[in-house]
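For reference, the structure discussed in these notes is given below.
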Amino acid sequence: MNEQNNIPELFLKPYDPAEHEKNIYKIWEDSGYFNPDNLPGERDEAFTIVMPPPNANGSLHAGHGLVFTIEDTMMRFERMRGKKALWLPGADHAGFETQVVYEKKLQKEGRSRFGMDPKDLYNEIMDFTMTNKTFMENQIRELGASCDWSRSLFTLDDRVIKTVYDTFKKLEEDELLYRGARIVNWCPKHQTSLSNLETEHDERTSKFYYFQYGPFVIGTARPETKFGDKYVVMHPEDERYAEYKHGQEIELEWINGPITATVIKDEAGDPEMGSGVMTITPWHSGVDFDIAKRHDLDYEQIIDWRGKLLPIADEFEGMTIKDAREKIVEKLDEKGLLVKIDEEYKNSVPCCYKCSREIEPQIREQWFVKTKPLAEKALEAVVNKEVTFVNERDERVFKHWMENIEDWNISRQVVWGIPIPAKVCSECGHGQVDLEDTITTCEKCEGKMEQDPDTFDTWFSSGQWPLATTGYPDGDDFKDYYPTSTMETGKDIIFFWVARMIMLGLYRTGEVPFKKVYLHGMVRDKKGLKMSKSKGNVTAPSEIQERFGTDALRMGLLVNNAPGNDMNLDPDKINAYKKFANKIWNITRFTLDATSDMDEDATLNDEDAQNIQEHLIAHVTEITKQMNDDRFDMAAENVYHFVWDYFASTLIEESKPLLASEDAGVRASRQRLLTEYLTTSLKVLHPFMPFVTETIWQELPKEMKGQDILMVESWPIV
RNA sequence: GUCCGGUUAGCUCAGCUGGUAGAGCGCCACAUUGACAUUGUGGAGGUCACAAGUUCAAGUCUUGUACCGGACACCA
């Protein structure tokens with residue numbers, strides 16, 4: 001190419017993402033177009049995504065990269081198609097999660113949350129979170145997210161708290177809320193109860209002990225809980241024990257001396273398990289608790305909140321359960337009560353999902369939501385296709401969980417969260433919702449009512465996020481944008497979040513919070529291993545962005561990543577799209593050079609007009625269809641091949657001789673053709689690779705474009 | 001235990017409603033300083049886990065087997 005042509009100087013060197021990305025994002029943000037109120041043209045149909053608010057307690061990880069890439073691609077596509085496109089951003093205080101992060105920080109500083117004034121702790125975590133929030137929001141910008149920052153919301157903002165409190169009150173009024181002493185999952189390290197979803201089960205092999213318990217042999221994996229066991233349970237049909245009657249009392253020698261045991265016949269006794277006889281510890285086992293409730297039996301706490309034995313254990317008092325176990329077995333052995341030990345007992349124990357410490361089931365007064373009625377409605381909405389899942393398998397998983405749902409413990413003994421607006425009686429434990437802070441006397445026993453010191457499970461408030469962000473019940477955005485269009489989030493939080501949003505959204509408004517659910521899979525490392533800080537294989541998006549550019553990262557996350565499947569993040573793959581960005585750059589350079597002397601009146605000849613139909617229109621139509629089908633992976637790959645294999649390798653190559661043609665008409669037609677290809681390609685590429693395409697767009701001659709900003713250009717095909 | 005997946009090129013994975021297989025990376029050969037800190041052309045490499053079935057036709061649908069994984073729930 002000859003030097004005197006006046007193509008922008010920019011194109012004389014390769015595309016350098018770092019040089020342009022910041023400026024480009026500023027152009028978008030300053031334009032005001034992230035806010036749908038400012039978008040050009042008539043826009044009737046809304047397209048809304050509520051962003052999963054990232055936890056404001058650290059940096060973004062690769063998974064976030066995927067969230068923002070998919071959602072931004074959807075947003076840009078729909079915005080270009082003329083929709084009133086609204087992406088509602090936010091940040092999550094992430095209750096327990098953040099408190100755990102902060103506790104680790106305290107630990108490093110040689111401090112501890114215990115013993116701190118809760119208010120001081122709260123304020124410190126608030127500062128920490130706000131700093132992280134700002135940092136994180138800039139990272140979201142760097143990924144190119146075209147969300148409306150003017151509507152940004154934090155999960156501890158007043159509006160959110162108001163929504164949550166109203167729901168809490170309404171639940172009480174509708175008798176869907178109760179405070180009860182029930183078995184909860186207690187983490188002895190973190191000193192809080194956890195929902196079932198916040199525990200994980202660890203498969204392990206442990207010892208299983210058989211002890212002589214009066215005339216029976218009982219089996220247990222947890223001898224340290226057995227001090228208070230005074231009920232012996234067996235199946236009513238078990239003929240081996242037919243001679244023992246329900247309620248019969250038996251004197252027997254036990255760990256710390258003689259006790260009186262009572263025979264209980266209950267179907268929970270499994271004749272196949274061990275000897276078919278068990279003793280129960282209602283305070284520390286859900287199953288035992290249920291049996292005790294059925295027969296109205298006594299409960300007694302054996303293990304304290306820190307995991308140590310209480311005075312009932314006598315000489316073992318104060319020992320941790322781990323230390324006590326062997327010693328108790330020894331003692332029983334000395335007393336001749338140890339029958340045998342099974343060394344190879346396989347069981348799975350519930351553990352805290354954060355610290356992996358064994359969960360100690362405990363009885364505690366907590367707030368519970370009756371979820372069955374809510375789940376039924378949610379299920380109905382899914383069956384009626386008011387909410388659809390992009391992946392059918394997600395729908396099956398969803399239904400299965402909803403059909404087997406249990407009541408939801410929403411109390412947490414955590415400082416960092418939304419305080420529960422309720423009073424609890426210091427005498428009888430009766431609880432009452434109190435939004436106005438007026439209740440002082442117990443309505444049941446006249447006892448003194450005190451503020452519940454607990455906070456809400458963070459998912460209880462997150463579950464109302466689509467309501468809070470749109471300003472239910474009076475906000476304009478609620479009227480204009482609820483139900484929102486698509487909920488895009490990770491498949492790991494389908495129960496934690498998606499299910500709860502559907503339940504609570506339906507409960508408050510009668511309408512589903514979103515019409516479609518797109519669940520993406522997990523991002524793993526190159527070898528397919530889960531990324532974790534302890535493995536040291538965490539890839540920060542920023543790292544990749546620096547090396548390859550944001551557009552390359554986005555393409556690498558999209559291509560070959562079918563919806564819902566896990567994907568492995570491989571830098572080699574990202575590099576391929578860095579090259580692609582440069583290819584687009586050079587296609588532009590070639591086209592601008594070849595058309596710099598183009599006549600404004602240049603028209604397409606028949607052959608070139610036909611080419612547009614056969615190749616350009618055909619490809620864009622196909623890509624549009626794939627976008628409509630939520631196959632961004634296929635659309636992204638398609639656009640890549642169209643631009644590289646057809647536009648660059650075929651069309652440009654075959655244009656070279658025509659551009660040198662003596663026939664001015666042929667030459668002009670080719671110039672027009674290339675211009676069409678360039679502008680259309682940039683538009684179609686834009687949702688996937690917004691930075692490089694917008695950078696180029698800003699350099700194109702005015703006559704080539706409709707809008708000054710590519711982000712608000714019209715999609716080539718309706 | 002219940003429920004979901006997965007098994008396709010050396011590696012990581014696509015392949016939507018059935019018509020004898022694709023991408024990126026890697027590998028080999030050739031060409032080229034051309035819009036391209038390269039790119040282009042060509043190539044090697046796959047009985048699509050296994051078995052049976054439906055069909056004119058099956059990675060693609062059905063059933064079963066093997067191995068790998070995930071979620072949920074329980075355990076005395």
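Because only heavy atoms are used, hydrogens play no part in the values below, and waters and symmetry mates are left out as well, while side chains stay in. Numbered from 1 within each chain, the chains take letters A, B, ... in sequence-line order. Model, not experiment: these values are computed from the prediction.
Across all strands shown, A/K579 has heavy atoms under 4.0 Å from sugar-phosphate atoms exclusively, and none from any base. A/A268 comes within 4.0 angstrom of a base, heavy atoms only. Residue contacts for A/G564: at a heavy-atom cut-off of 4.0 Å it reaches no nucleic acid atom on any strand shown. Residue contacts shown for A/E406 are absent, as no nucleic acid heavy atom lies under 4.0 Å away. Contacts of A/I218 with the nucleic acid, taken as non-hydrogen atoms under 4.0 Å apart, are absent. Backbone-only contact: A/S649 has heavy atoms under 4.0 Å from sugar-phosphate atoms and none from a base. No contact: A/I494 has no heavy atom under 4.0 Å from any strand. Heavy atoms of A/N196 sit under 4.0 angstrom from primed sugar atoms or phosphate atoms, though from no base atom. Looking at heavy-atom distances under 4.0 Å, A/V287 makes contact with sugar-phosphate atoms alone, never a base.
A/D608 and A/S669 share a side-chain donor-acceptor pair at under 3.5 Å. A/N185 and A/N196 form a side-chain donor-acceptor contact under 3.5 Å, judged by distance and modelled atom types alone. At a cut-off of 3.5 Å, with distance as the only test, a side-chain donor of A/H520 or A/E488 sits close to an acceptor on the other residue. Donor-acceptor pairing under 3.5 Å is recorded for the side chains of A/R670 and A/S655.
In terms of position along RNA chain B, the nucleotide closest to A/E637 lies nearer the 5' end than the nucleotide closest to the other residue of the pair A/E637 and A/P350. Annotation: of the two residues near RNA chain B, A/K573 and A/D270, the 5′-most nearest-nucleotide partner is A/K573.
To the nearest angstrom, C1' of B/rG5 lies 16 Å from CD of A/E395. Atom P of nucleotide B/rA14 and atom CG of A/L557 are separated by 14 Å, given to the nearest angstrom. One can place CG of A/L12 at 11 Å from P of B/rA37, the figure rounded to the nearest angstrom. For the pair A/N561 CG and B/rG24 P, the interatomic distance rounds to 17 Å; values are reported in whole Å. The CZ atom of A/F495 sits 12 Å away from the P atom of B/rC4 (whole-angstrom rounding). Rounded to an integer number of Å, the gap from A/E392 CD to B/rC3 P is 18 Å. Distance, A/Y241 OH to B/rA76 C1': 12 Å, rounded to whole Å. The separation between A/M634 atom CE and B/rG24 atom C1' is 16 Å, rounded to whole Å.
Using a 4.0 Å cut-off, no side-chain N or O of A/N404 falls inside it from OP1 or OP2 of B/rU2. Regarding contacts with the backbone of B/rA37, a side-chain N or O of A/N582 is found under 4.0 angstrom from either OP1 or OP2. Between A/N565 and B/rG6 there is no side-chain N or O to OP1 or OP2 distance below 4.0 Å. Listed pair A/N568 / B/rC13 meets the phosphate criterion, a side-chain N or O lying under 4.0 Å from OP1 or OP2. Phosphate contact (OP1/OP2 of B/rA35, side-chain N/O of A/K656, threshold under 4.0 Å): present. When the side-chain nitrogen and oxygen atoms of A/R393 are compared with OP1 and OP2 of B/rG70, none of them lie within a distance under 4.0 Å. Side-chain N/O atoms of A/W401 include none lying less than 4.0 angstrom from OP1 or OP2 on B/rU2.
Taking the C1' atoms as reference points, B/rA52 lies 23 Å from B/rG46, given to the whole Å. On the C1' atoms, B/rG69 is 47 Å away from B/rA31, given to the nearest whole Å. Comparing the C1' positions of B/rA29 and B/rG15 gives a spacing of 30 Å, expressed to the nearest Å. Distance check on atom C1': B/rU12 versus B/rG26 gives 11 Å, rounded to whole Å. Using P as the reference atom, B/rU62 and B/rG18 are 11 Å apart when rounded to the nearest Å. For the P atoms, the distance from B/rA49 to B/rU38 is 38 Å, rounded to whole Å. Between B/rA44 and B/rU7, the two C1' atoms lie 25 Å apart (nearest whole Å). Between the C1' atoms of B/rA14 and B/rA66, the separation comes to 25 Å (whole Å).
Applying the Watson-Crick and G-U wobble criteria (two distances, each under 3.5 Å), B/rG45 pairs with nothing in any strand. Within the shown strands, B/rA23 is the pairing partner of B/rU12 under the Watson-Crick or G-U definition, both distances less than 3.5 Å. Nucleotide B/rC72: paired with B/rG1 (Watson-Crick or G-U wobble, both distances less than 3.5 Å). Remark: B/rA51 base-pairs with B/rU63; criterion is Watson-Crick or G-U wobble with both hydrogen-bond distances under 3.5 Å. Base pairing annotation: B/rG40 forms a Watson-Crick or G-U wobble pair with B/rC30, both donor-acceptor distances under 3.5 Å.
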TODO: Take A/F11 and A/L592, measure what side-chain contact (heavy atoms from CB on, under 4.5 Å) needs, and give me the verdict at the end.
DONE: CA-CA 10 Å; A/F11 294 106; A/L592 290 182; 3.8 Å; yes
Open item on the list: Before you tell me yes or no, could you show the steps for A/S193 and A/N409 under side chain to side chain donor-acceptor pair (under 3.5 Å), namely the whole-Å CA-CA distance, both residues' side-chain angles and the distance that decides it to 0.1 Å?
Closed with: CA-CA 8 Å; A/S193 62; A/N409 171 9; 3.3 Å; yes
- [ ] Take A/W697 and A/T679 through the side-chain contact (heavy atoms from CB on, under 4.5 Å) test and state the conclusion after the steps.
- [x] CA-CA 8 Å; A/W697 196 260; A/T679 53; 4.2 Å; yes
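Nearest nucleotide to the side chain of A/T220, out of B/rA14, B/rA76, B/rA35: B/rA76. Side chain of A/P14, nearest nucleotide from B/rC25, B/rA37, B/rU2: B/rA37. Each of B/rC36, B/rG24, B/rC16 was ranked by its minimum atom distance to the side chain of A/A576; first place goes to B/rG24. Set against B/rA37, B/rC72, B/rC3, the side chain of A/N586 has B/rA37 as its closest nucleotide. Of all nucleotides listed (B/rA23, B/rU2, B/rC74), B/rU2 comes nearest to the side chain of A/H400.
Contact of A/K583 with B/rC36 (side chain to base): a donor-acceptor pair of N or O atoms is detected under 3.5 Å. Side-chain atoms of A/N560 come within donor-acceptor range of the base of B/rA23, with a qualifying N/O pair under 3.5 Å. The base of B/rA71 is not paired with the side chain of A/E200 by any donor and acceptor separated by under 3.5 Å.
The aromatic ring centroids of A/F548 and A/Y577 lie 6.0 Å or more from each other.
Because its glycosidic torsion is within 90° of 0, B/rG59 is reported here as syn.
Contacts of A/D633 classified as side-chain contact (heavy atoms from CB on, under 4.5 Å), with partners at least two apart in sequence or in another chain: A/A562, A/P563, A/R631.
Contact check on A/E395 versus A/K385 returns a salt bridge, with a Lys/Arg side-chain nitrogen under 4.0 Å from an Asp/Glu carboxylate oxygen.
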